[in-house]
Amino acid sequence: MFLALFWFAAPSPMMAGVSLFLIGIGFALVPALQSRLMEVAPKAQLLAAAMNHLAFNLSNAIRAWTGGLAISAGLGWASTGPVGAGLAVGDLAIMSLSALLTNRSNSTEKTI
């Protein structure tokens, strides 16, 4: 949501700063995610932590690449907001599908 807001906030340095601050607040969720990973992977905590960091780094690389494509296409630096928002929507769809498949497999295991 805040990534999409950046598109509108970019012309004003003050609003762009506020938008970037709000985007940064999203990183406050990282410790909660890390704790959750430690909880669901008690026998492979190091592997879970490594995969978590891998996912963040891969995400950063993909977002920088797609943002760069938008800028080089002549859409301007503010176009990175909608590009990031679109990627976030895609991420949400993948996460929802993963949760659905996990819940389905868990319910199948309980009935067997």
Would you tabulate the side-chain donor-acceptor contacts of residues 83-95 under 3.5 Å, counting partners in other chains and residues two or more places apart, or write 'none'?
unit_1	atom_1	unit_2	atom_2	d
Asp91	OD2	Arg63	NH2	2.1

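- Annotation for Ile71 and Trp77: closest pair CG1-CA, 3.8 Å, computed over non-hydrogen atoms.
- With values rounded to the nearest 0.5 angstrom, Leu37 atom CG is found 9.5 Å from His53 atom NE2.
- Here Trp65 contributes atom CH2 and Asn60 contributes atom CG; the two are 15.5 Å apart, rounded to the nearest 0.5 Å.
- Of all heavy-atom pairs spanning Gln45 and Met38, the tightest one is NE2-O, 3.1 Å.
- One N or O on the side chain of Thr66 and one on the backbone of Ile62 form a donor-acceptor pair closer than 3.5 Å.
- Environment of CG in Leu97: crowded, with over 12 heavy atoms of neighbouring residues, nucleotides or ligands closer than 6.0 Å.
- Evaluated for a side chain to side chain contact (heavy atoms under 4.5 Å, CB included) with Phe21, the options Val18, Ile25, Ile23 yield exactly one hit, Ile25.
- Across Ser79 and Pro82, no two heavy atoms sit closer than the pair O-CD, 3.2 Å.
- Heavy-atom minimum distance, Pro11 versus Pro13: O-CD, 3.6 Å.
- To the nearest 0.5 Å, atoms CG (Leu54) and CG (Leu47) are separated by 10.0 Å.
- Distance check: Phe56 CZ to Gln34 CD gives 8.0 Å after rounding to the nearest 0.5 Å.
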